[in-house]
Peer 1: 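Right, I'll just put the structure down here and ask away after.
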Amino acid sequence: TTTQLNAMESNDFASLSTSQITGLSTAQIAAFTTTRVAAMATDQLAALTTNQIAGFSTAQIVAMTSDQFQSMTSNQVAKLSTAQIAAMQTADFAALTTTQIGALGTSQIAAITTAQIAGITTDQAQSFSTLAMSKFTSTQLAALQTDDFAAMTSSQIKALSTSQIGYLTTAQVAAMTSDQVSGLSTSQIQKMTTAQFAAMGTDELSAFSTLQIAAMTTSQVAGLTTT
């Protein structure tokens, strides 16, 4: 019973085989105490079915350790609910592998908190798919640290919609690399604000192609001549 499972000593529970763990029902898994969940061995957690993972409460998710999250398969991570994603501690989210980050679906992307976004590593920042990038909200984009934003590939930046480009902070724009700037589409450039243009340094402005320069609006050009 769940009462018996929760009453087991940690060493005894840790000795349960992965086949014994996967044999537990979703109801039994959902009834685990947070202490029991936190004590699960990484191989036990990695052996759970996606249905068993989906049965975790947000309190159980909060109780999990970074090592446990890292042990999860990409398929398990992809099946986490939006509520489970949002419940993850910032340190645990920052511990996810690049493969796990790449496995996140669009609905999961929308559930990522700004605190989680602010805490990601540069390697994780580079691992978001182009589809995921196109789903970031204005608040999520604004939460990206400048070094994380600068670490993103030109393909990731090009995946941002014209509306999303307008949400970028001046600090993020100032941190853009030459490759990121040269990869911008003409449509993206036309939606940039004069404040964003003013934040660009000489190296960034020099990275613009003649086609990109030709796409600039008169107000954008006027803003450059006065900075």
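Basis for what follows: all heavy atoms, side chains included, without hydrogens, waters or symmetry-related copies.
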Peer 1: Would you check if Thr22 and Leu48 make a side-chain contact, meaning some heavy-atom pair closer than 4.5 Å?
Peer 2: no
Peer 1: Of all heavy-atom pairs between Leu144 and Gln172, which one has the smallest distance, and what is that distance?
Peer 2: O-NE2, 3.1 Å
Peer 1: Could you check Thr98 against Asp123 for side chain to side chain donor-acceptor pair (under 3.5 Å), going step by step and ending with a plain yes or no?
Peer 2: CA-CA 7 Å; Thr98 54; Asp123 285 341; over 6 Å; no
Peer 1: Is a donor on one side and an acceptor on the other found under 3.5 Å between the side chain of Gln220 and the backbone of Thr217?
Peer 2: yes
Peer 1: State, yes or no, whether a side-chain contact exists between Asp43 and Ile21 at a heavy-atom distance under 4.5 Å.
Peer 2: no
Peer 1: Considering all heavy atoms of both residues, which atom of Lys135 and which atom of Gln140 are nearest to each other, and what is their separation?
Peer 2: O-OE1, 4.1 Å
Peer 1: Determine whether Ile165 and Tyr167 fall in the same hydrophobic cluster, where Ile, Leu, Val, Met, Phe, Trp and Tyr are linked whenever their side-chain heavy atoms lie under 4.5 Å apart.
Peer 2: yes
Peer 1: Mind checking the OG1-CE spacing from Thr130 to Met152? Nearest 0.5 Å is all I need.
Peer 2: 11.5 Å
Peer 1: Taking the six-membered ring for Trp, are Phe136 and Phe128 closer than 6.0 Å centroid to centroid?
Peer 2: yes
Peer 1: Less than 4.5 Å apart, any side-chain heavy atom of Met72 and any of Thr42?
Peer 2: no
Peer 1: Keeping Gln180 on the side-chain end and Lys158 on the backbone end, is there a donor-acceptor pair under 3.5 Å?
Peer 2: no
Peer 1: Passes side chain to side chain donor-acceptor pair (under 3.5 Å), Ser161 versus Ser163? Steps please.
Peer 2: CA-CA 5 Å; Ser161 69; Ser163 296; 4.6 Å; no
Peer 1: Are the side chains of Thr169 and Phe149 in touch, meaning some heavy atoms are under 4.5 Å apart?
Peer 2: no
Peer 1: Begin with the C-alpha distance, continue with both residues' side-chain angles, and end with the deciding distance and a verdict on side chain to side chain donor-acceptor pair (under 3.5 Å) for Ser155 and Thr153.
Peer 2: CA-CA 5 Å; Ser155 296; Thr153 66; 4.6 Å; no
Peer 1: Determine whether a donor-acceptor pair (N or O, by modelled atom type, separation under 3.5 Å) exists between the side chain of Gln188 and the backbone of Leu160.
Peer 2: yes
Peer 1: Do the side chain of Gln60 and the main chain of Val37 share a donor and acceptor less than 3.5 angstrom apart?
Peer 2: no
Peer 1: If every non-hydrogen atom of Val221 is compared with every non-hydrogen atom of Met216, which pair is closest and at what distance?
Peer 2: CG2-CB, 3.9 Å
Peer 1: Using atom types as modelled and distance alone, determine if a side-chain donor or acceptor of Gln156 lies under 3.5 Å from a backbone N or O of Ser129.
Peer 2: no
Peer 1: Consider side chain to side chain contact (heavy atoms under 4.5 Å, CB included). Of Gln190, Lys191, Met176, which one does Leu184 pass it with?
Peer 2: Met176
Peer 1: Treat each ILVMFWY residue as a node, draw an edge where side-chain heavy atoms are under 4.5 Å apart, and state whether Leu24 and Leu45 are in one component.
Peer 2: yes
Peer 1: Gln116 side chain to Gln89 main-chain N or O, any donor-acceptor pair under 3.5 Å?
Peer 2: no
Peer 1: Rounded to the nearest 0.5 Å, what separates atom CZ in Phe56 from atom CD in Gln84?
Peer 2: 8.5 Å
Peer 1: According to a 4.5 Å side-chain heavy-atom criterion applied to Ile, Leu, Val, Met, Phe, Trp and Tyr, with indirect links allowed, do Ile101 and Leu131 form part of one hydrophobic cluster?
Peer 2: no
Peer 1: How long is the straight-line distance from OG of Ser209 back to CD1 of Ile189, given to the nearest 0.5 Å?
Peer 2: 6.5 Å
Peer 1: Is the backbone of Val181 close enough, under 3.5 Å, to the side chain of Gln212 for a donor and an acceptor to pair up by distance?
Peer 2: yes
Peer 1: Backbone N or O of Leu16 within a donor-acceptor pair of the Gln44 side chain at under 3.5 Å?
Peer 2: yes
Peer 1: Report the distance from atom CD of Gln145 to atom CD1 of Ile120, rounding to the nearest 0.5 Å.
Peer 2: 9.0 Å
Peer 1: Where do Gly119 and Ala94 come nearest, in terms of heavy atoms and distance?
Peer 2: O-CB, 3.3 Å
Peer 1: For a quick test of reading the model, state the closest non-hydrogen atom pair linking Ile85 to Gln108 and the distance between them.
Peer 2: CG2-O, 3.9 Å
Peer 1: Side chains of Gln68 and Asp92: closer than 4.5 Å at any heavy-atom pair?
Peer 2: no
Peer 1: If I compare all heavy atoms of Gln196 with all of Val173, which pair ends up nearest, and what's the gap?
Peer 2: O-CG1, 3.3 Å
Peer 1: Are the side chain of Gln100 and the backbone of Val77 linked by a donor-acceptor contact shorter than 3.5 Å?
Peer 2: no
Peer 1: Taking C-beta and beyond as the side chain, do Gln164 and Met133 meet within less than 4.5 Å on heavy atoms?
Peer 2: no
Peer 1: Show, in sequence, the C-alpha distance, side-chain angles and deciding distance for Ser187 and Ser185, and conclude whether the side chain to side chain donor-acceptor pair (under 3.5 Å) test is met.
Peer 2: CA-CA 5 Å; Ser187 297; Ser185 69; 4.7 Å; no
Peer 1: Got a second to check how far Ile53's CD1 is from Ile61's CD1, nearest 0.5 Å?
Peer 2: 7.0 Å
Peer 1: Could you tell me whether a side-chain N or O of Gln124 sits under 3.5 Å from a main-chain N or O of Phe93, the two making a donor and an acceptor?
Peer 2: yes
Peer 1: Rounded at 0.5 Å granularity, tell me how far CD1 in Ile112 sits from OG1 in Thr139.
Peer 2: 11.5 Å
